[in-house]
Amino acid sequence: MVDAEVIAVDTETTGFRVKDGRDYLMGISVAYYLGNLGIMSAYFPVRHESQNLDPSIIHSLKPILESKPLIFHNIKFDLQSLATIGIYPNQRMFCTQQLAHMVNEEWFSKSLDALAKNLLGDKKTKEEVEKWTHAFGWKTIPGDLMDEYARHDAELTLELFAKILWPEARGQELDQLWDTELAYIRLLDKIERRGIKVDQEFCKVKIDIGETRMQDVCDELGFTPTPTNLAKLFFEDLKLPVLTLTPGGKPCLDKKNMEEYDEILSHIDDKRARLVLEYRGWQKAVSALYRSALDHVSPDGRVRPNFKAHGTKTGRLSCTDPNLQQIPRQSSNVWNGDAKRSFTFDEGFKGLEFDYSQLEFRLAAAYGGVDSLLEIFAKDEDPFIPTAIEVFGGIEFRQSAKTLTYSTLYGAGQRRISFALGIDQSAASDVIGRFRELYPGIYSASSKATKLAASRGYVRYWTGRRRHFPNPEFAYKAFNSIIQGGAAELVKHAMLRVDEQICNEDCRMVLTVHDSIVLEVREELADSIIEPVKKLMTDFPQFGVKFSVDCKEWGK
DNA sequence: TTTTTTTGCGCC
DNA sequence: AAACGGCGCAAAAAAA
């Protein structure tokens, strides 16, 4: 290993809860090329229930694993598990999972098995190890029986990197993005390990209130409002009209239609549709939020979600276990309007949420070179007013203007816009035409992106990252990708700056949600960091548009 | 009984 | 000419 240029490393653990130590590393496999000896590999079982190597092997491995260039598949997880035995690599490293995503975000699966099968033609099955894990249980399998399986995974990681992914990344000029990408994943690792504190009492109270209310609603309705039961009441007993159909061809009973049914039923003083909406609101909040928060909380009272940097086509983050990117925003809803209070901060700290204003719209204005919009953004005026006046005929149509703007940036056509604005298709077509006349630059930037995506098969973001369109039929999504993905890249750079220049033990990054960053800051420090953070987040002069960031206290 | 698909809904 | 973009989770329904 000492003579190897680069070493592929894979770790085996007792389970997936390594961030809080409830699971831990059982063994390390390595693979590397050694001159004309070809590929070498080994497995070091250290914390199996039996058949371990002498524990001193960890001390021999530590200096090597903390200095040699390493390759992982899903580096964040392996670094977290290596930490459970006191190994903390901090040198140049690579991750085949992230590289696979950069090289082609369209690949269906980024699992090691799938990539090895598709890119290396690997045919090895897991039958052997599955036999042993079935016989012993994963956590109690003797170390020597894991040897072959573990070594194979390290070998695959090495070959994927050396034969396919790194050469391909260089070919696409993505290799120069890698250092930033690694720094970003390491920042996500830090955020995850820190976690965010859960107000468990608050969640429990909400669950109690919600369950009581849901039971009361069921009693009042005389049934549980499942889609089947609801369809029976609406269409068999009450003979209500079917508004729209689900993709499966059944009457659609989603929130929008339920609001409509509530309106119809209100004329005969029937509150049952409203009750169903309240039931669903509570059900969603209790199960996906309050109970989920308690289910995922570590013994120290914090949740440590999984941020995936390879989770989306555009390069945004995704988040699981729990998904902290879908915490309901502040509202007057009794069931979820104060949901942000589920997450709280250490004694003496407070949460500050830094949100970009109209980040994607500003990028669209920049790419489109729309001077009138650039001027409005420079002065931090309301960017939807011109559309409200010029397209809809008055300032009172601001909400419609906003809907039209974002729908268009998202690639909506006249059918979708007529639906969103509640107007017929010819009116929608009219409105779209006037919007194009108002901002021709945005329209031309968009069609340029579409053409490029269709002819060349990909577009590039401002960082050089690529978004591929193997099927020209979907090239219309290209402009949205440039905007959405470009925003994600911008936020990534902002996060790295804030982490490097602001964050420390008294100011910790705990969460990010697409266009916002949440810091847990010592109270007496809070006022002093607000302006520096805003400055770092908005300082991207190369776009020629002014960016704007608001700061508010979490959940307020 | 177990697994997969559908439906519905939270976020930006 | 026309196409809303990107996610994850849970309960219910359908399929195996």
Side-chain angles (χ1 to χ4, degrees), chain A residues 105 214 224-231 244-258 276-277 279-293 295-296 305-308 310-331 333 335-337 339-340 342 355-361 364 403-421 425 428-429 432 446-447 449-450 454 467 469 471-488 491 511-516:
Chain A
E105 76 289 348
M214 277 152 67
T224 308
T226 63
T228 318
N229 290 340
L230 210 54
T244 59
L245 297 177
T246 65
K250 286 186 278 193
C252 177
L253 295 163
D254 68 5
K255 196 157 82 171
K256 192 158 189 283
N257 283 358
M258 288 301 291
V276 171
L277 283 165
Y279 176 93
R280 287 187 186 168
W282 275 111
Q283 177 168 274
K284 175 87 175 167
V286 166
S287 67
L289 183 83
Y290 302 120
R291 191 166 284 134
S292 168
D295 284 348
H296 287 98
N306 179 22
F307 287 101
K308 287 187 195 162
H310 59 272
T312 72
K313 302 282 180 71
T314 57
R316 272 188 181 180
L317 293 176
S318 71
C319 179
T320 64
D321 306 300
N323 183 354
L324 296 185
Q325 297 189 321
Q326 56 177 176
I327 302 166
R329 58 178 205 270
Q330 223 68 24
S331 75
N333 294 341
W335 51 88
N336 69 4
K340 284 194 166 178
S342 309
D355 272 83
Y356 284 94
S357 311
Q358 308 106 11
L359 178 57
E360 295 183 2
F361 194 12
T403 302
L404 174 65
T405 303
Y406 281 110
S407 300
T408 302
L409 293 185
Y410 290 160
Q414 61 170 306
R415 199 170 60 95
R416 191 61 188 78
I417 284 177
S418 76
F419 190 64
L421 295 177
Q425 291 212 27
S429 159
I432 292 167
S446 174
S447 27
T450 303
R467 169 78 161 98
F469 294 92
N471 184 350
E473 198 186 327
F474 298 118
Y476 73 91
K477 298 176 181 179
F479 189 64
N480 172 259
S481 287
I482 289 172
I483 298 305
Q484 189 185 120
V491 173
L511 182 60
T512 169
V513 188
H514 307 310
D515 68 350
S516 74

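With sequence neighbours excluded, no residue forms a salt bridge (charged side-chain N to carboxylate O under 4.0 Å, His left out) with A/Arg280. Listed by chain and number, the residues in a salt bridge (charged side-chain N to carboxylate O under 4.0 Å, His left out) with A/Lys313 are A/Glu106 (sequence neighbours excluded). Shown here are the side-chain contact (heavy atoms from CB on, under 4.5 Å) partners of A/Pro305, two or more places apart in sequence or in another chain: A/Phe307, A/Cys319, A/Pro322, A/Leu324. A/Arg329 meets the side-chain contact (heavy atoms from CB on, under 4.5 Å) test with no other residue; sequence neighbours excluded. The side-chain contact (heavy atoms from CB on, under 4.5 Å) test applied to A/Asn257 returns A/Leu243, A/Thr244, A/Cys252, A/Asp254, A/Tyr261, not counting sequence neighbours. In terms of the ring-ring contact (aromatic ring centres under 6.0 Å, His included) criterion, A/Tyr356 has no residue partners (sequence neighbours excluded). Scored by the salt bridge (charged side-chain N to carboxylate O under 4.0 Å, His left out) test, A/Lys340 finds A/Glu353 as partners (sequence neighbours excluded). Qualifying salt bridge (charged side-chain N to carboxylate O under 4.0 Å, His left out) partners for A/Asp355, counting only residues two or more places apart in sequence or in other chains: A/Lys552. Partners of A/Ala488 according to the side-chain contact (heavy atoms from CB on, under 4.5 Å) rule, which considers only residues two or more places apart in sequence or in another chain, are A/Arg316.
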Task: Sequence-aligned protein contact record of nucleotides 1-12 of chain C, with B where the base is within under 4.0 Å of a protein heavy atom and S where only the sugar-phosphate is - done: -SBBBBSBBSSS
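Rounded to 10 degrees, the angle separating the terminal axes of the helix from B/dT1-C/dA16 to B/dC12-C/dG5 is 10°, with each axis obtained from five end pairs.
The outermost nucleotides of DNA chain B lying under 4.0 Å from heavy atoms of chain A, listed 5' to 3', are B/dT7 to B/dC12.
A/Ile483 comes within contact range of no nucleotide atom at all, as no heavy-atom separation falls under 4.0 Å.
Residue A/Phe419 places its CZ atom among 12 or fewer non-hydrogen atoms of other residues, nucleotides or ligands, all under 6.0 Å distant.
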